[in-house]
Amino acid sequence: VYLEALQAILTEAQMIQAGAVANYIPELATADPHQTAIALCDETGAIHSVGDDTAVFTLQSCSKVFAHALALRAVGSQRLLQSVGVEPSGDRFDGIISLESRGRAHNPLINSGAICTSSLIPGNSLTEKLKTLLGGFSEFAGSVLSIDVSVFLSEREHGHRNRAIAHLLRSSGGLTGDVDEALELYFQQCAVQVTTQQLSVMAATLAFQGFNPKTKQQVLDKSHVRDVLSVMMTCGIYDASGEWMYTVGLPAKSGVGGGILAVVPGKMGIAVYSPRLDNFGTSVRGAYICERLSDRFGWHLFA
Ligand code: GLU
């Protein structure tokens, strides 16, 4: 029932030429701007997908959702709230000015907050933490995920702004522990590679209260899924989250790799991919597709 609608929406989206591929690190600038994909994962774990649905891209900011989930799983919501808030920042994802007065990150879905959640991923060494992180992400995806090493190295080499954010937070006490280790893990989580199909399963696991419909495993506690989705709903689309809620009406997260995941609670996991971004950092075609899907299937939460 879905494929025909998906194909029609894909064809419309492919006519959009606006936006530009991320170029803040050289490795991302090489993405093919024409690639576009849509994948839906339903409650049976079946994937309905069209376009470049097996093209690989890096999660970038989409990883923040799952690092948030794993930090909740590790330390619980009370402890996490001490380090990271749940308020939209109204600022760029790599904003630094407001941190100076506030002392702690606004929310887990911008860089400052995400570096804090990364610092709470359990493990006795960076290797162990990376294992926890990749293992956890893979549970959401129902397949074994790995890192794009050149994107990771590029990010690490050019990550001066993120380093500045992390050190500022460390000096105010918003971040505790080893700063370099937190940054290293953050750069690694951004470089986790997925296909649109895999990302749709990650979204579906959140749509079905932490139950992965593909592997039939409970990956995250229901109460933590509620926490994660609440923050996605208010803070997931950078400083355009209000407009997103208005037009698409679903908790979602975008990343500068061109991916977006969106969650229709109890119904569907959505993933889209197309690397050309708007000024906020969200895929232009991806946002268009989400809006059309939401309209077409009546998925806006307040429709
Ligand atoms: N790796 C990117 C950064 O830290 C992620 C940003 C994003 O996807 O919004 O700048």
Side-chain angles (χ1 to χ4, degrees), residues 1-22 31-57 59-62 65 141 194-208 213-214 232-233 236-238 240-241 243-303:
V1 291
Y2 291 107
L3 285 186
E4 210 173 303
L6 295 189
Q7 192 57 55
I9 293 173
L10 178 76
T11 306
E12 287 168 28
Q14 281 166 333
M15 292 190 290
I16 302 173
Q17 305 298 338
V21 171
D32 175 355
H34 302 293
Q35 286 190 326
T36 310
I38 315 175
L40 306 179
C41 177
D42 68 21
E43 76 278 4
T44 68
I47 295 171
H48 314 270
S49 61
V50 295
D52 303 294
D53 51 5
T54 56
V56 173
F57 56 95
L59 282 174
Q60 298 301 332
S61 267
C62 297
V65 168
V194 292
T195 65
T196 311
Q197 291 191 345
Q198 287 169 329
L199 188 59
S200 75
V201 181
M202 298 178 89
T205 302
L206 292 171
F208 301 109
K214 185 178 165 202
M232 280 171 78
M233 186 147 142
I237 309 292
Y238 304 115
S241 296
E243 188 180 332
W244 177 274
M245 198 54 215
Y246 192 76
T247 53
V248 181
L250 294 171
K253 182 76 201 90
S254 55
V256 298
I260 306 177
L261 71 128
V263 173
V264 194
K267 294 198 179 115
M268 197 68 81
I270 303 175
V272 296
Y273 163 62
S274 187
R276 272 199 286 240
L277 312 176
D278 65 17
N279 290 335
F280 296 103
T282 298
S283 167
V284 178
R285 288 182 182 178
Y288 174 84
I289 292 167
C290 289
E291 193 176 334
R292 293 283 293 114
L293 286 171
S294 175
D295 271 354
R296 170 72 177 71
F297 297 107
W299 281 336
H300 191 298
L301 288 185
F302 307 121

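Predicted model, so just to flag it, every value in this text is computed and none were measured. Throughout, residue positions are numbered sequentially from 1 according to the sequence presented.
- L301 approaches P251 most closely through the heavy-atom pair CD1-CD, 4.0 Å.
- Residues forming a side chain to side chain contact (heavy atoms under 4.5 Å, CB included) with V21 (at least two apart in sequence, or on another chain): A31, P33, P275, R276.
- Counting only distance, with no hydrogens or angles, the side chain of K253 and the backbone of C62 share no donor-acceptor pair below 3.5 Å.
- Between V194 and M202 the shortest heavy-atom distance is CG1-SD, 4.3 Å.
- Counting heavy atoms from C-beta outward, Y273 and T195 have side chains that stay 4.5 Å or more apart.
- With a 4.5 Å cut-off on side-chain heavy atoms, Y2 and M268 count as touching.
- With sequence neighbours left out, the side chain to side chain contact (heavy atoms under 4.5 Å, CB included) criterion links S274 to T36, S283, R285.
- L293 and L6 get closest at one heavy-atom pair: CD2-CD2, 3.5 Å.
- For W244 (side chain) and L250 (main-chain N/O), a donor-acceptor pair under 3.5 Å exists by modelled atom type.
- Here the CD-NZ distance, from Q198 to K214, works out to 7.0 Å after rounding to the nearest 0.5 Å.
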Tabulate below the donor-acceptor pairs under 3.5 Å that side-chain atoms of residues 254-267 make, not counting sequence neighbours, or state none.
unit_1	atom_1	unit_2	atom_2	d
S254	OG	T282	OG1	2.9

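- A distance of 12.0 Å separates SG of C290 from CZ of R292, quoted to the nearest 0.5 Å.
- For S294, the side chain to side chain donor-acceptor pair (under 3.5 Å) criterion is met by no residue, not counting sequence neighbours.
- Going from atom OH of Y288 over to atom CD1 of I16 covers 6.0 Å, rounded to the nearest 0.5 Å.
- When the salt bridge (Lys or Arg N to Asp or Glu O under 4.0 Å) test is applied to E43, no partner is found at least two apart in sequence or on another chain.
- Contact record, S200 with A271: N-CB, 3.4 Å, taken as the closest heavy-atom pair.
- Note that the CD1 atom of I38 and the CD1 atom of I289 stand 4.0 Å from one another [nearest 0.5 Å].
- Put simply, the side chain of I47 does not reach to within 4.5 Å of the side chain of D53, judged on heavy atoms.
- The number of heavy atoms from other shown groups lying within 6.0 Å of CD (Q14) is above 12.
- Pairing each heavy atom of T196 with each of A39, the nearest pair is O-CB, 3.6 Å.
- No more than 12 heavy-atom neighbours from other residues, nucleotides or ligands sit within 6.0 angstrom of CG on N279.
- Taken from CZ in F208 to OG1 in T44, the straight-line distance is 8.5 Å, to the nearest 0.5 Å.
- Residues that satisfy the side chain to side chain donor-acceptor pair (under 3.5 Å) test with S61, not counting sequence neighbours, are K64.
- For the atom pair CD1 (I9) and CD (E12), the distance works out to 6.5 Å, reported to the nearest 0.5 Å.
- No donor-acceptor pair under 3.5 Å is formed between the side chain of Q7 and the backbone N or O of E4.
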